[in-house]
Amino acid sequence: MDFEISLKEKNLKVTPQRMAILREIHKNGHITVDDIYENIRIDYPSISLATVYKNIAALYEVNILREIKAPAQKQRYELSYDHHLHVACERCGKLEDIRVDVSDISQQCSKMTGYILHDASAVFIGVCPECAAKNKK
């Protein structure tokens, strides 16, 4: 993924901080703002948490990033390059992508509400296989 092109297409300046944030999200998949901050501070010691928040907000605003809200967890961010849903473990907090065709549900929702839908966001909550296996021991 070419982050410079994405930023330019959205009329955002290509800054070292934005590039570092995008690389960190790309590397981790789903990540909190605090974790992004801690990880990029190593290379950019003068960066502030406020700068990270400000840049995350700007990237979210132009749909380069997607926000993931799972109950009882800090919100996380991921690159917004495809449409998918998520599954989260209520015990360990692991968050994973699940790729399911939601077109039937979208069509039903659109028909029921009259909305013109363009995206879907859902987090299914449960217990991951690793945590379930720990319970059996």
Side-chain angles (χ1 to χ4, degrees):
M1 183 169 225
D2 192 332
F3 300 130
E4 282 189 41
I5 291 172
S6 296
L7 291 169
K8 288 176 183 176
E9 284 175 348
K10 303 292 184 168
N11 296 318
L12 290 176
K13 269 188 184 176
V14 178
T15 66
Q17 294 86 351
R18 283 189 180 143
M19 294 298 288
I21 289 167
L22 290 169
R23 281 192 301 274
E24 195 61 35
I25 294 169
H26 182 260
K27 182 172 80 176
N28 289 283
H30 311 103
I31 188 168
T32 66
V33 173
D34 292 334
D35 289 339
I36 293 168
Y37 172 66
E38 288 302 320
N39 294 344
I40 67 172
R41 242 174 38 150
I42 296 163
D43 292 327
Y44 298 92
S46 64
I47 196 166
S48 70
L49 184 57
T51 298
V52 175
Y53 270 104
K54 185 179 84 174
N55 279 287
I56 292 287
L59 295 166
Y60 173 78
E61 186 82 17
V62 296
N63 201 33
I64 291 176
L65 297 182
R66 179 178 285 147
E67 188 177 62
I68 307 161
K69 296 178 184 177
Q73 293 185 14
K74 285 185 174 184
Q75 63 194 38
R76 300 182 200 180
Y77 292 88
E78 69 180 355
L79 296 174
S80 184
Y81 57 88
D82 70 348
H83 297 281
H84 58 271
L85 305 178
H86 297 91
V87 63
C89 180
E90 62 191 358
R91 294 199 184 141
C92 69
K94 180 164 67 173
L95 183 70
E96 295 184 62
D97 295 340
I98 50 173
R99 285 169 170 67
V100 223
D101 184 359
V102 294
S103 57
D104 289 340
I105 296 169
S106 288
Q107 287 174 0
Q108 284 180 337
C109 290
S110 185
K111 193 182 254 184
M112 291 169 59
T113 64
Y115 278 65
I116 298 167
L117 302 174
H118 56 86
D119 198 2
S121 175
V123 179
F124 295 92
I125 309 300
V127 178
C128 72
E130 291 82 11
C131 288
K134 288 177 191 172
N135 242 15
K136 291 180 183 179
K137 293 180 180 180

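The chain is numbered in sequence order, starting from 1.
Pairing each heavy atom of G93 with each of Q73, the nearest pair is CA-NE2, 3.4 Å. What you find for P71 and I125 is that their closest heavy atoms are CD-CD1, 3.5 Å. What you find for C128 and C89 is that their closest heavy atoms are N-SG, 3.3 Å. Shown here for L65 and Y60, the closest heavy-atom pair between the two residues is O-CD1, 3.6 Å. The two residues R41 and I47 come nearest to each other via the heavy atoms CG-CG2, 4.1 Å. Of all the heavy atoms in A20 and Y44, the pair that sits closest is CB-CE1, 3.5 Å.
In the hydrophobic clustering of ILVMFWY residues, with side-chain heavy atoms under 4.5 Å counting as a link, L59 and Y37 come out together. Taken together through direct or relayed side-chain contacts under 4.5 Å among Ile, Leu, Val, Met, Phe, Trp and Tyr, V123 and I25 form parts of separate hydrophobic clusters. Side-chain heavy atoms closer than 4.5 Å link hydrophobic residues (I, L, V, M, F, W, Y) into clusters, and following such links, possibly through other members, connects V62 to Y77. Following chains of ILVMFWY side-chain contacts shorter than 4.5 Å, one cannot reach V102 starting from L95, and the two form parts of different hydrophobic clusters. Side-chain heavy atoms closer than 4.5 Å link hydrophobic residues (I, L, V, M, F, W, Y) into clusters, and following such links, possibly through other members, connects I31 to I56.
Within 6.0 Å of atom CG in L117, more than 12 heavy atoms from other residues, nucleotides or ligands are found, so the atom counts as buried in its surroundings. Shown here is E61, whose CD atom has no more than 12 heavy atoms of other residues, nucleotides or ligands within 6.0 Å.
Put simply, the side chain of K134 does not reach to within 4.5 Å of the side chain of R91, judged on heavy atoms.
The residues R99 and D82 are annotated as salt-bridged, a charged nitrogen and a carboxylate oxygen being separated by less than 4.0 angstrom. Taking a cutoff of 4.0 Å between a charged side-chain nitrogen and a carboxylate oxygen, R76 and E78 do not qualify as a salt bridge.
Atoms OG and NE2, from S110 and H118 in turn, are 11.5 Å apart once rounded to the nearest 0.5 Å. Between atom CZ of residue R18 and atom OG of residue S6 there is a gap of 12.5 Å, rounded to the nearest 0.5 Å. How far OG of S46 is from CD of Q17: 7.5 Å, rounded to the nearest 0.5 Å. To the nearest 0.5 angstrom, L85 atom CG is 8.0 Å from I105 atom CD1.
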- Task: List the steps, then state whether side-chain contact (heavy atoms from CB on, under 4.5 Å) holds for M19 with V14.
- Result: CA-CA 7 Å; M19 294 298 288; V14 178; 3.9 Å; yes
- Task: I would like to know whether K13 and L7 meet side-chain contact (heavy atoms from CB on, under 4.5 Å); could you show each step before the answer?
- Result: CA-CA 7 Å; K13 269 188 184 176; L7 291 169; over 6 Å; no
- Intermediate values then yes/no, salt bridge (charged side-chain N to carboxylate O under 4.0 Å, His left out), D35 and K74: CA-CA 11 Å; D35 289 339; K74 285 185 174 184; over 6 Å; no
- Verdict with supporting geometry, V33 and L49, side-chain contact (heavy atoms from CB on, under 4.5 Å): CA-CA 8 Å; V33 173; L49 184 57; 4.1 Å; yes
- Message: Using side-chain hydrogen bond (donor to acceptor under 3.5 Å, both in side chains), reason through D101 and S103 one step at a time and then give a plain yes or no.
- Response: CA-CA 6 Å; D101 184 359; S103 57; 2.7 Å; yes
- Could you walk me through whether L79 and F3 pass the side-chain contact (heavy atoms from CB on, under 4.5 Å) check? CA-CA 10 Å; L79 296 174; F3 300 130; 3.9 Å; yes
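Residue Q75 is tested with K69, H30, E67 for a side chain to side chain donor-acceptor pair (under 3.5 Å); the sole match is E67.
S80 contributes no side-chain N or O that, together with a main-chain N or O of I64, makes up a donor-acceptor pair within less than 3.5 Å.
Between H84 and H86, the ring planes are perpendicular. Angles over 60° get that label, and only those under 30° would be called parallel.
Side-chain contact check for N39 and E24: at least one donor-acceptor pair (N or O, by modelled atom type) lies under 3.5 Å.
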